[in-house]
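First up is the structure itself, then whatever we jot down about it.
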Amino acid sequence: MRSLKILSAILTLLAILILLAMPMAVTAQQPMTVSEVVDKIVAQEQVEVQMLRQYSPLVETYIQNIRPDKQLGAVPDGDKYFLGRAELAKGVELEPLDRDAGMKHKMFGGLAGFFSSEFVPRGFLQMIYLDMYGFNRAHYKIEYVRREFLGEVRCLVFDVDPLPKSGRGRFTGRIWVEDQDYHIVRFNGAYGGPSLVTNYFNFDSWRTNAGKNQWLPAFIYSEDGSVRDARTKSLGFKAFRAQTRLWGYDLGNVREEQELNKVLVEGLTPVNDQSETANDYSPFQAERSWDRQAEDNVTERLERQGLIAPRGEVDKVLETVINNLEVTNNLDIQPEVRCRVLMTSTLESFTIGHTIVLSRGLVDVLPDEASLASILAHELGHVVLGHRMDSQYAFFNRVRFDEKETFRHFDFARTPEEEQAAKQKGIELLNNSPYKEQTGTGKLFLQALKNRSREIPNLISPHLGDRISTNWTIVAAVFSAQPSDADAKPSANVIAALPLGGRIKVDPWNDQLRMLKSKPTGTVAEAEKVPFEVTPFVVYLTRQAEHPATEAASAVAAKVDSDTKP
């Protein structure tokens, strides 16, 4: 009994010693002062600038000049567009990817005349950096404001102002800093402060999480001037709004690693199919296979360049509509029809053999499924009628060329005869489909597109296919054949077309597209209906799991961090 008491006492003493030791082993992190937090933010931003030098994302800037409107407040009044690849290793350099630089820029007075005095593409790219070389205490006063959530990410909010005599062009505004590793995830303001007489614009720049310790520039909304400000007109300055998007940071790497991990090694005694089923291709089947190979070569090339999104949930949505059209028209198309999404904001659709391609911008602005079905029916008409692509793309060397030649090398526009035939076939497909009676909002969309076409010529100018107005003749024909009740006055809450970014969310790391899951908007005022217009970005930030390919980036950041320490 005595030995049991001694043992019990020993165990109790051990438990006490363990409890006393625990605070020593797991020491809670001591609260930091604001000054210490600021030091961490400055150091982390310096690491960010260096880390981004390893990337060459695609950059798209779309600009709309705006003018006053009595009912809507402000509407587009001309637009400009730029697509290029950033060379961040060289700072904010851009390599343009224009289909026909001479013709396109001549239309607007040449590249120099078009961008030099009013807009410079690299100026919008510069907005991914708060201050490339001078964000530190020697140049800025940084004051803590409050805590705030951006989506699921808790942030510390600071006001930033340049110190006197710190130099021109310094950032003035507000920053949001995630509170785990102290990355700046959003900054809102201007270089040199807002002014109508400087070359600097107001902007709101967002970074999204691509894995542990990695935040990448993704979205920039910028604007300057106001249609209600008399100074804008008196200075001869056109008010504008612009969206800049970046994507393609990890082109192809994630998909290739996943596919490599799924490779199966054949066993020592492989299983052979002993069936007598015929496996040889007939000449007709060989022709189909050859065309399919050409499709695959082209789409793979465009995906590797970041111009076509990897297959995902948006493709499945489009293919569901295609399936509805096929089933109700008793179609059995071989090879099966596939859908892909072009990553750009331009409004366009075209076919690559049996692959139907819609741009992200077009999917963004379509108001409903019936309008989407109208576009897809037209393109499906090309497939049903056997309008082929250039089968020489089945030779792999035909898709090996300099990236700058992409829009000159590929051209999927159709002849007028093919367009007319596809229009008639598309009408037939729609008239036999479940979308036949759902034409009200589609008609409004077509009218809105027609009304705005002169103000947004660059938005409706295609990169790879036909001009969008050509394809949409099918919609006009279908609507004209509908009963008069289709012309009934729509509800005041009906939206004819959505603004850019209205449906699809882009992951800038791997180019995956997802449908936006936003809350209902309720009653929409007339001034809030902004079809085809540029609107601000408000990003719901989340933290992502570690991407396999981010390990190298983390290593780079760690090295830069160690190099910057004294």
Side-chain angles (χ1 to χ4, degrees), residues 31-53 86 88 91-92 120 122-150 153-209 213-224 244 246 536-537 539 541 557 560-566:
M32 291 187 295
T33 64
V34 171
S35 179
E36 291 171 331
V37 170
V38 169
D39 288 339
K40 285 184 174 292
I41 295 169
V42 169
Q44 190 64 266
E45 183 64 11
Q46 292 172 352
V47 172
E48 175 81 10
V49 171
Q50 294 301 319
M51 184 195 68
L52 288 176
R53 293 176 65 85
L88 299 183
V92 289
V120 180
R122 65 192 300 271
F124 290 91
L125 178 60
Q126 183 182 353
M127 297 173 189
I128 68 173
Y129 299 111
L130 188 147
D131 188 325
M132 284 188 67
Y133 305 109
F135 182 61
N136 51 46
R137 288 180 178 273
H139 295 102
Y140 288 96
K141 178 178 69 173
I142 306 171
E143 295 182 324
Y144 174 74
V145 178
R146 62 174 181 269
R147 291 182 182 270
E148 182 178 327
F149 275 91
L150 295 180
V153 178
R154 187 172 62 179
C155 297
L156 307 174
V157 184
F158 291 83
D159 283 345
V160 176
D161 292 286
L163 293 172
K165 299 181 180 180
S166 60
R168 298 180 59 186
R170 299 291 181 188
F171 176 78
T172 300
R174 176 163 288 186
I175 64 175
W176 286 256
V177 182
E178 54 87 21
D179 65 355
Q180 290 188 12
D181 299 302
Y182 302 102
H183 292 88
I184 298 175
V185 299
R186 179 189 181 189
F187 45 104
N188 177 299
Y191 300 125
S195 171
L196 287 175
V197 295
T198 70
N199 294 324
Y200 302 116
F201 306 139
N202 305 309
F203 66 92
D204 191 20
S205 185
W206 293 76
R207 296 169 179 171
T208 60
N209 187 237
N213 207 36
Q214 189 174 34
W215 291 81
L216 301 174
F219 307 102
I220 305 167
Y221 172 74
S222 48
E223 69 171 52
D224 217 2
T244 298
L246 296 92
F537 292 109
V539 184
L541 296 181
V560 173
D561 192 22
S562 63
D563 291 344
T564 56
K565 291 181 180 179

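Throughout, residue positions are numbered sequentially from 1 according to the sequence presented.
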So [Y] and [X], do their side chains get closer than 4.5 Å, heavy atoms only?
| X | Y | value |
| --- | --- | --- |
| Trp176 | Val153 | no |
| Asn202 | Asn188 | no |
| Val49 | Phe135 | no |
| Val539 | Thr208 | yes |
| Ile220 | Ile128 | yes |
| Val37 | Phe158 | yes |
| Asn209 | Leu541 | no |
| Leu88 | Met51 | no |

With Tyr129 via ring-ring contact (aromatic ring centres under 6.0 Å, His included) - residues at least two apart: none

Measure across [X] and [Y] and return the closest heavy-atom pair with its distance rounded to 0.1 Å.
| X | Y | answer |
| --- | --- | --- |
| Trp206 | Leu150 | CZ3-CD1, 4.1 Å |
| Met127 | Ser205 | O-OG, 2.9 Å |
| Tyr191 | Gly169 | CB-O, 3.6 Å |
| Gly134 | His139 | O-ND1, 3.2 Å |

Derivation of the side-chain contact (heavy atoms from CB on, under 4.5 Å) call for Arg147 and Val157: CA-CA 6 Å; Arg147 291 182 182 270; Val157 184; over 6 Å; no

Let me confirm one number: the [atom1]-[atom2] distance from [X] to [Y], rounded to the nearest 0.5 Å.
| X | Y | atom1 | atom2 | value |
| --- | --- | --- | --- | --- |
| Phe203 | Thr244 | CZ | OG1 | 11.0 Å |
| Asn213 | Gln180 | CG | CD | 10.5 Å |
| Phe149 | Asp179 | CZ | CG | 7.5 Å |
| Phe219 | Leu246 | CZ | CG | 9.0 Å |
| Arg53 | Met132 | CZ | CE | 7.0 Å |
| Asn136 | Gln46 | CG | CD | 6.5 Å |

His183 side chain vs Trp215 backbone, donor-acceptor pair below 3.5 Å: no

Donor-acceptor pair, side chain of Tyr140 and main chain of Phe171, under 3.5 angstrom: yes

What pairs of donor and acceptor atoms, side-chain ones from residues 160-168 against any protein atom, are under 3.5 angstrom apart with sequence neighbours left out?
{"from": "Ser166", "atom 1": "OG", "to": "Leu163", "atom 2": "O", "distance (Å)": "2.7"}

Stepwise side-chain contact (heavy atoms from CB on, under 4.5 Å) check, Arg170 with Asp131: CA-CA 7 Å; Arg170 299 291 181 188; Asp131 188 325; 2.8 Å; yes

Within 6.0 Å of OH in Tyr144, more than 12 heavy atoms from elsewhere: yes

Among Asp204, Ile175, Val177, side chain to side chain contact (heavy atoms under 4.5 Å, CB included) partner for Phe187: Ile175

